[in-house]
Amino acid sequence: MPGDGTAAAPGRVAAEPSAGAAPRAEWPPRLRSALERLGWSIASVGLFVLIWEVCWLVGWADPKLLPPPHIFLGDIPDQARFFNTATRWQIGVNPADGPSPYGAVAITVASTTLRVFAGLAIAAVLSVAVGVAIRYWELFGKLTLPTITLLSPVSPIAWLPVAIFLFGIGNAPAIFMVVIALFFHMVLSTISQIDNVNRNLINVARTMGATRRRVYARVIIPAILPQLLIVLRLNLFASWMVVLVAETTGVGFGLGQVIMLARNTFNPSLVFFTIALIGLLGFTSDWLLRQVQRRVLWWVPENGGVLRGL
Amino acid sequence: MVFDPHRPVSSADAVACRGVGKIWAAGTERAHEALAGIDLDVAAGEFVVLLGPSGCGKSTLLYLIAGLEAPTSGEICFFGDPVERPSPDRSLIFQETSLFPWLSVGQNVAFGLSIRGDPPEARRAAAREALARVGLAAAIDKRPDELSGGMRQRVAVARALAMRPKLLLMDEPFAALDVQTRAKMQDFLLDVLQASGASVLFVTHSIDEAVALADRVVVFTARPGRIKEIVPVPMPRPRDPFAPDCVKLRRLLTEALRSEVDRAFAEQEALAATG
């Protein structure tokens with residue numbers, strides 16, 4: 001985690017251009033802007049941490065309730081003890097049989113991440129397919145669109161009991177929650193993207209002899225991909241939120257379960273430690289999706305709207 | 001050429017419109033008549049410019065001839081056959097960039113050929129040839145967003161020509177370009193067309209453009225669009241815009257158009273007063 005010392009580093013380089021000028025001139029501009037962005041990210045987090053630590057120092061933040069970063073990040077092995085992935089509820093399994101604390105942290109993080117991405121992938125494929133089908137087959141659209149619109153404002157939390165009724169415990173209900181949280185919005189978003197495709201592009205394809213099917217395959221789908229990927233990136237955060245809610249109930253283990261455990265055992269340090277982990281994971285997964293966007297959608301200028309700051 | 005609206009449709013004519021009308025949103029309270037009673041023939045190889053105030057239905061006529069929309073009344077024939085759907089024989093070029101941003105310049109030019117099912121090598125060769133004709137052979141692997149506005153329109157022309165169309169429909173193709181680029185593009189278009197032998201229907205609201213390009217200028221009235229006047233331009237090209245004949249023609253077209261623009265303004269004012 002960034003401390004105050006690293007946060008000050010980019011500022012110092014900028015303040016002394018003469019010292020850093022020679023090597024910096026040879027850096028490719030892309031790397032330079034990436035480093036600059038990284039520098040500001042570190043500075044931003046560093047400032048936040050600094051304020052928190054000062055609040056603790058002058059006694060405004062009670063370390064029992066709002067432990068500052070140096071406390072909840074100071075003893076990682078101690079925190080890792082709570083990430084118990086042993087199948088405790090199974091008869092005949094000794095809690096000591098579980099993996100090592102660090103192994104348990106890795107398993108917990110990996111299983112939550114997997115649920116997020118599995119849900120995201122299923123939701124993306126399903127909702128784009130349904131959205132395109134709604135516009136492609138008019139009858140299908142008339143039959144499904146009102147229901148989808150009706151269900152889209154329902155909070156994913158309301159689906160939690162349904163997830164448990166249908167899928168019991170384990171990975172399935174958590175993935176179902178992510179899918180259900182994203183599906184309706186992404187269908188509506190797909191439809192609105194389709195309706196906003198530049199008419200000229202469609203008309204060019206039609207005058208070139210493209211059939212309706214070809215227009216969808218060759219013009220409409222490539223035209224809506226960039227916006228959809230941005231929607232996916234926005235929804236990535238939503239799925240991180242939903243998966244935690246799902247994991248607080250019957251999933252067994254996962255970051256949400258750890259937060260719930262921390263709540264039940266009054267362990268603020270563990271809460272903040274897990275929050276830091278989730279933040280880091282969300283940041284990393286957004287960065288990964290952005291790399292995908294750069295590779296796959298090379299024709300789109302690289303500024304992800306609201307997410308540009310990340 | 002004297003035009004007789006009752007002349008039978010000839011299969012030698014690229015386009016024959018008989019009593020063509022279009023009402024948008026027909027049957028609703030937002031219905032408005034864009035075109036009414038259009039009779040127009042375009043001969044093979046002829047360059048016809050449609051000139052009129054904005055919103056007078058010129059573009060609508062192009063869409064109808066392209067087959068992208070169906071007329072509410074009347075009939076449109078293309079070399080004697082009624083127009084029912086879009087066809088690669090009638091290529092449309094738009095005002096704004098209509099290149100697919102996810103395809104390279106070469107793939108854009110070859111788009112129609114790939115829809116037709118040509119093999120990849122033949123497509124690339126045809127794209128290279130079409131791009132060479134518009135002077136952009138070197139840009140074949142570039143992306144559309146790496147080109148200037150004028151270059152993008154040249155690529156759009158190359159894409160249309162690659163299909164070897166018999167008719168080019170151009171909807172204010174150079175309106176978004178600056179004046180100097182536009183003049184260059186007009187010269188270039190005439191050069192390219194001479195080689196292709198295609199007929200052209202060219203929509204513009206620029207009198208200078210009409211004078212520089214047209215074999216005949218069709219002046220439109222506004223709301224609904226009707227043909228007010230058809231002015232033949234029997235001068236050889238390239239034309240000197242300051243030659244006496246051109247100046248005379250410009251004056252004639254300016255006056256024909258001014259009364260239309262005045263009428264359109266008066267109508268809008270009346271509409272604003274009642275609304």
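Because only heavy atoms are used, hydrogens play no part in the values below, and waters and symmetry mates are left out as well, while side chains stay in.
For A:N203, the parts lying near chain B are the backbone and the side chain together; criterion is any non-hydrogen pair under 4.5 Å. Of the two parts of B:R85, neither the backbone nor the side chain holds a non-hydrogen atom closer than 4.5 Å to a non-hydrogen atom of chain A. B:L113 does not touch chain A: none of its heavy atoms, backbone or side chain, sits under 4.5 Å away. Both the backbone and the side chain of A:R218 come within less than 4.5 Å of a heavy atom of chain B.
In this structure, a donor-acceptor pair under 3.5 Å is present between the side chains of B:E209 and B:T204.
Between the side chain of B:S199 and the main chain of B:A43, a donor-acceptor pair closer than 3.5 Å is present.
For the pair A:I134 and A:I191, the minimum side-chain heavy-atom distance is below 4.5 Å.
The residues B:D191 and B:R133 are annotated as not salt-bridged, no charged nitrogen and carboxylate oxygen being separated by less than 4.0 angstrom. Under a 4.0 Å N-O distance rule, the pair B:R124/B:D118 does not qualify as a salt bridge.
Against chain A, the residues from residues 60-74 of chain B that qualify, each with a non-hydrogen atom under 4.5 angstrom away, are B:Y63, B:A66, B:G67, B:L68 in number order.
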Q. So B:T181 and B:D178, side-chain hydrogen bond (donor to acceptor under 3.5 Å, both in side chains) or not? Walk me through it.
A. CA-CA 5 Å; B:T181 314; B:D178 60 78; 2.7 Å; yes
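The NE2 atom of B:H205 sits 13.5 Å away from the CG atom of B:L50 when rounded to the nearest 0.5 Å.
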